[in-house]
Each structure stands twice: as structure tokens, then as C-alpha cells.
Amino acid sequence: MLITEQELDTLFSWIEEYDTIIIHRHVRPDPDAIGSQLGLKVLIQNAYPNKRILAAGTSIESLTWMGKMDDLSKDDYKDALVIITDTANQERIDGAHYDEGAKLIKIDHHIVVDEYGDLQIAYPEATSASQLITEISQRSNDRLPMTDEASELLYAGIVADTGRFLYSPTPDTFEAAKVLVGQDIDTRQITDRFSETAIKEARFQGFAYENIEFHEEGVASLLITREIMEDYDISEDATNIVLNIPSNVKGMYTWVNFIEQEGDNPKYRVRLRSKGPAINHIAQAHGGGGHAMASGAKANSTEEMEEIMKELKEITTEYKANLA
Ligand SMILES: [Mn+2]
């Protein structure tokens with residue numbers, strides 16, 4: 001259990017106090033962003049049927065199975081409580097007007113890079129935002145009791161952010177999962193959603209397996225050009241499915257995808273991952289940030305892409321030298 005009593009007291013009293021509550025999450029949402037956002041919405045709506053609880057942000061097609069966003073206008077924010085889940089910095093918040101409510105709350109599990117909000121429930125030790133929402137329900141003394149619908153959403157968020165409990169789950173992760181699995185939900189159906197692949201995605205994975213470069217320093221890299229995305233009919237978001245292929249390859253400790261952008265500013269979006277040395281300082285040096293083992297950055301030129309490769313090779317070589 002991570003959240004302090006004081007944070008919970010403030011959170012519950014503000015939820016009680018406001019008749020309109022608007023929940024945002026980050027742009028380019030993943031299942032944890034949507035799961036924590038809509039999971040919290042369902043929990044509050046269930047406990048307070050007379051309040052207006054709204055979900056803000058753009059919908060993305062691949063996650064419509066989790067639920068829909070609401071249409072919002074500036075007027076909705078008047079005297080509203082605004083809650084942001086799963087979003088480390090304000091630039092990444094999806095949807096306008098989030099700062100025009102009466103109060104702003106951040107609930108997040110990323111490293112704190114931007115302290116925003118009147119209340120911050122920010123715990124990098126949590127493996128997902130959905131885990132924190134589950135804890136909030138669990139410790140609400142029945143003010144926000146768990147429901148089946150919320151459980152499905154939150155379970156999907158936890159499964160996604162932990163890579164199906166593979167990436168460093170903690171006792172708190174399983175504590176939350178235990179609560180959710182105890183509800184009447186079909187966990188098999190939820191996990192199947194993550195394993196199903198479209199044919200074009202399977203073909204794109206074939207491209208990735210063929211073209212990932214495995215460098216002797218223990219770094220794997222893949223360049224995904226606009227042309228490749230067009231050839232395989234794959235959206236930029238969907239290129240994510242090949243990111244972690246090198247994680248199972250012996251001798252590889254860090255890996256990176258460079259995704260070509262439409263304009264030159266930046267030229268490449270950079271996804272960095274590691275199972276060895278921390279890579280977030282490299283991301284920070286190149287216009288990004290994130291977790292020690294999972295970060296994002298930008299490269300404005302081919303030269304900057306090469307610089308990032310050089311830096312990755314250096315820290316990975318050093319890491320390998322210290323292994324023995
Ligand atoms: Mn998350």
C-alpha cells in the first residue's frame with residue numbers, strides 16, 4: 001500500500017464535494033491510460049449516480065473496446081474537479097481546458113518530472129496507474145466500492161503496463177490484481193485482447209525480425225521509416241508491437257526503435273528500452289524522459305540518431321563490463 005491517509009482523505013473529500021468530475025489521461029493512450037481513466041470514472045459514477053462524471057481526450061480505434069470518451073466543452077469545467085491519470089507532465093495531457101476546473105488532481109506512477117495539481121498522488125513504485133486506482137477503491141471504506149466493470153478496465157491496465165506481470169511486478173501489483181480477479185470478470189478474454197494480432201501486424205513483425213540490428217555492444221536497434229509503415233499499412237502507434245522483440249534475445253541489454261516522423265521536427269520519435277542500465281538520462285538529453293527501463297525521446301536529425309546509438313553502446317558496454 002503506497003498512498004498516504006492524508007492524500008486519500010483529500011481525494012475523497014473533493015470527490016464528495018464536486019458535482020462535475022472530469023478525468024483526463026495522456027495523449028496516444030495505452031490500456032493503462034484508458035483503464036485508469038475509465039476505471040476511475042466507473043467507480044465514481046457507481047458510488048455517486050447523481051454526479052456528472054466525464055472522460056476527456058481523443059478516442060483511438062484500437063482501444064475502443066475499453067470504452068468511449070465524452071464530448072466536452074469549456075463550460076463543463078466551471079466548478080468541476082479535474083483528475084489526470086497516468087500522465088507525468090502537463091504537455092502530455094490529452095484534451096483542452098484541464099487547468100480551468102476548480103481543483104486539479106494528478107494520479108500517476110511515472111517519475112516525477114512536473115509537479116502539477118492541487119493534489120498529487122504520484123508513486124513511481126506503482127507498476128501502473130490502474131494499480132493506484134485499485135488501491136484507492138480498496139482503501140475507500142466503501143466510498144468507492146469496486147465493480148465488475150471497473151475491474152475489467154483496471155485489470156487490463158495492470159496487465160498491459162506490467163507486460164502480463166513480467167516486468168517487475170511488486171507485492172502491491174498482485175495485491176491489486178487479487179482484488180480485481182476476485183470480481184466477476186473474464187481474465188482470459190481480457191488477456192486474449194492483448195495477444196490477438198491482425199495479419200498485417202504479423203507481417204510487420206516479420207519485417208522487424210528480419211531487420212533489427214543486433215550490435216555486439218548488447219544494443220539492438222530498428223529504424224521504421226514512413227515508407228515501411230505505408231508498405232505494411234501500419235499506424236505509428238501500432239509500430240509499438242515490435243518494440244520489445246529484442247528483450248528475449250540473448251546478449252541484448254538495451255534496445256531502441258527510431259520511428260520516422262512526417263515532418264522534420266523532430267525527424268524521429270525514439271523509443272528506448274532496457275533490461276540492464278538505466279536509459280532515462282539519455283532520453284532526457286534528447287528531448288524526452290520516462291522510466292529507468294522505458295523512456296521516449298526525439299532525434300532531430302540522422303546525426304542525433306547516431307549520437308543516441310553511440311551513447312547507448314557506451315552505457316551498455318560499461319554495464320556488461322560490470323556484470324562479470
Ligand atoms: Mn501507465
Side-chain angles (χ1 to χ4, degrees), residues 2-3 23-43 55-60 62-63 65-67 69 83-95 98 105-117 120-137 150-170 172-177 179-180 190-191 193-194 237-238 240-241 243-244 247 269 271-275 278-280 283 288-297:
L2 297 166
I3 308 169
I23 310 170
H24 288 246
R25 39 78 194 155
H26 61 78
V27 292
R28 303 175 195 273
D30 50 32
D32 184 41
I34 306 262
S36 59
Q37 176 193 34
L38 294 181
L40 181 61
K41 176 184 169 175
V42 168
L43 290 174
T58 46
S59 299
I60 68 160
S62 60
L63 293 175
W65 59 272
M66 296 185 78
M69 298 295 122
I83 303 176
I84 318 280
T85 68
D86 199 34
T87 312
N89 50 337
Q90 292 173 77
E91 280 147 53
R92 293 200 74 219
I93 297 172
D94 193 1
Y98 72 88
I105 301 176
K106 174 197 201 185
I107 302 176
D108 186 37
H109 72 116
H110 297 90
I111 292 169
V112 178
V113 289
D114 177 12
E115 294 190 10
Y116 67 86
Q120 298 177 55
I121 300 179
Y123 290 92
E125 315 88 300
T127 46
S128 61
S130 296
Q131 177 190 317
L132 291 172
I133 303 297
T134 307
E135 180 180 334
I136 287 166
S137 164
S151 291
E152 281 185 7
L153 290 158
L154 297 167
Y155 188 74
I158 291 176
V159 166
D161 261 26
T162 62
R164 299 184 224 169
F165 303 101
L166 286 176
Y167 310 135
S168 316
T170 65
D172 286 325
T173 310
F174 287 109
E175 202 63 55
V179 171
L180 303 174
I190 297 167
T191 31
R193 296 268 189 184
F194 293 97
D237 283 321
N240 234 329
I241 56 170
L243 176 58
N244 284 318
S247 67
R269 211 173 127 209
R271 297 189 181 119
L272 293 156
R273 296 292 183 273
S274 174
K275 61 177 180 186
I279 37 86
N280 51 332
H291 301 276
M293 300 291 133
S295 285

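Each ligand, and each atom within it, is numbered from 1 in the order the structure gives.
- For the ring pair (Phe, Tyr, Trp, His ring centres under 6.0 Å) test, residues two or more places apart in sequence or in another chain that qualify with H291 are H109, H110.
- Looking at T173 and T170, their side chains do bring a donor and an acceptor atom within 3.5 Å of each other.
- To the nearest 0.5 angstrom, S295 atom OG is 3.5 Å from I279 atom CD1.
- With a 4.5 Å cut-off on side-chain heavy atoms, L243 and R273 count as touching.
- For the side-chain contact (heavy atoms from CB on, under 4.5 Å) test, residues two or more places apart in sequence or in another chain that qualify with S247 are N244, W255.
- Each protein N/O/S atom under 2.8 Å from the Mn ion (ligand 1) was counted, for a total of 4.
- Contacts of A56 classified as side-chain contact (heavy atoms from CB on, under 4.5 Å), with partners at least two apart in sequence or in another chain: I22, H24, L72, Y77.
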